[in-house]
Amino acid sequence: MLYVVATPIGNLEDITLRALRVLREVDVIAAEDTRHTRKLLDRYDIHTPLTSYHEHNERTKAPVLVRRLEAGESIALVSDAGTPTISDPGYHLIRAATEKGVPVTPVPGVSATTAALSVCGLATDRFVFQGFLPGRRNRRREALRQLQDDDRTMVFYEAPHRVRESLADMHEVLGDRAAVVGRELTKVHEELLRGTLSQLTGEVEERTLRGEFAIVVEGRGDAPEVSETVLRDEIGRLLQAGRKANDVAKLVADSHHMAKRDIYKLVLEVAKGQ
């Protein structure tokens, strides 16, 4: 039997009784980082042997673990934090095990995704998990453009050194939507920042960013579309009032929850016509 076991994302008390029992009873625990998992096991006086299973060895390690499963051993798969396979290793092992007819069962628990959604205050009846956005700006913005018309709440993970850039790109591409930034969820320095994407972008500019981040952004919503004629009239009035093109694009985009890049093109057209 292969058990897929969720472990705490920060607070070590966030583990189920069933997870503790399984971790004690299996023959071996396949851990993303054995040193990290050892801290959890020591906390609960669990002495099950550990073996490493991470993104750099999973293709070669999965067949080895499957052979052990076929021989009748039981294995618990854990990641460093949260639920395995949710932006963490595990896919190859689970697929290889199921192909060999080995039973795979979940031992559910905490996840940074559900933790962030539970406190975001946005609609959660429908949501989409995007994980980590691409590191390169052009690829990140393209990924966001594909979400422009999605009306589901969106959940992203982000590294501290890219939070500023990602929030700025979200604002630029998606428009000024409501969002929540969760930092170090369930940990001692847990923090939730709430506001619009423009407000949050400004707020993180003033901070030294550390820890792990989950960002929740509202979907496109059901607001009626604004006609191009209305947009052109509004842009024309602002330009005639002496506003700069970039400022006009931001004001109009924020006002109608639209992407600034799209409005900016329209601003240039209107300005050229004037």
Side-chain angles (χ1 to χ4, degrees), residues 9 54-56 79-83 85-89 91 111-117 120 122-124 126-185 191-221 223 245-247 249-254 256-268:
I9 60 175
H54 48 74
E55 63 177 334
H56 301 297
S79 61
D80 285 350
T83 302
T85 77
I86 308 299
S87 278
D88 277 324
Y91 162 73
S111 164
T113 302
T114 53
L117 282 168
C120 70
L122 302 174
T124 56
R126 298 173 65 245
F127 65 88
V128 57
F129 172 64
Q130 289 297 124
F132 288 91
L133 288 166
R136 293 181 179 274
R137 190 181 187 217
N138 60 337
R139 292 181 58 199
R140 181 169 60 242
R141 290 165 67 88
E142 178 57 34
L144 289 169
R145 277 192 286 272
Q146 294 177 19
L147 296 169
Q148 279 181 320
D149 296 324
D150 200 319
D151 61 1
R152 295 171 294 179
T153 295
M154 306 168 198
V155 184
F156 305 89
Y157 290 166
E158 195 50 277
H161 64 280
R162 283 204 301 263
V163 169
R164 292 185 181 88
E165 291 80 2
S166 289
L167 284 173
D169 284 341
M170 289 175 189
H171 179 212
E172 178 78 15
V173 176
L174 301 177
D176 202 19
R177 306 184 185 188
V180 175
V181 176
R183 185 180 74 87
E184 294 287 86
L185 294 175
E191 185 176 23
L192 291 167
L193 305 177
R194 304 175 186 272
T196 63
L197 286 170
S198 62
Q199 291 169 338
L200 292 170
T201 300
E203 186 162 353
V204 299
E205 283 294 337
E206 308 300 322
R207 292 170 172 261
T208 299
L209 302 178
R210 296 190 180 91
E212 297 176 344
F213 289 80
I215 303 171
V216 186
V217 181
E218 72 173 346
R220 185 173 183 270
N246 193 57
D247 293 338
K250 184 179 186 309
L251 285 168
V252 175
D254 289 353
H256 297 287
H257 300 280
M258 300 177 72
K260 180 183 172 184
R261 61 184 295 276
D262 294 332
I263 298 299
Y264 188 73
K265 293 178 182 177
L266 200 56
V267 170
L268 295 181

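Along the sequence shown, residues are numbered consecutively beginning with 1. The model shown is predicted, which means the values in this text are computed figures rather than measured ones.
Remark: Glu191 engages Arg207 in a salt bridge, criterion side-chain N to carboxylate O under 4.0 Å. Note on Arg139 versus Glu142: no salt bridge recorded, every NZ/NE/NH1/NH2 to OD/OE distance being 4.0 Å or above.
Contact of the Phe213 side chain with the Leu193 side chain is not registered, since no non-hydrogen atoms from C-beta on lie closer than 4.5 Å. Side-chain contact between Arg141 and Glu172: present, with at least one pair of heavy atoms (C-beta onward) separated by less than 4.5 Å. Using a 4.5 Å cut-off on side-chain heavy atoms (C-beta onward), Leu185 and Leu192 make contact. Using a 4.5 Å heavy-atom cutoff, the side chains of Gln199 and Asp176 are not in contact.
For Arg194, there are no side-chain hydrogen bond (donor to acceptor under 3.5 Å, both in side chains) partners at least two apart in sequence or on another chain.
Between Tyr157 atom OH and Ile86 atom CD1 the span is 7.0 Å, to the nearest 0.5 Å. Going from atom CG of Asp169 over to atom CZ of Arg145 covers 9.0 Å, rounded to the nearest 0.5 Å. We find the CD1-CG distance between Ile215 and Leu167 to be 4.5 Å, quoted to the nearest 0.5 Å. Interatomic distance, Met154 CE to Glu218 CD, rounded to the nearest 0.5 Å: 9.0 Å.
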Exercise for review: Kindly determine whether Arg140 and Val173 satisfy side chain to side chain contact (heavy atoms under 4.5 Å, CB included), including the steps that lead there.
Suggested key: CA-CA 10 Å; Arg140 181 169 60 242; Val173 176; over 6 Å; no

Point to revise | side chain to side chain contact (heavy atoms under 4.5 Å, CB included) assessment of Glu212 paired with Arg183 | key: CA-CA 6 Å; Glu212 297 176 344; Arg183 185 180 74 87; over 6 Å; no

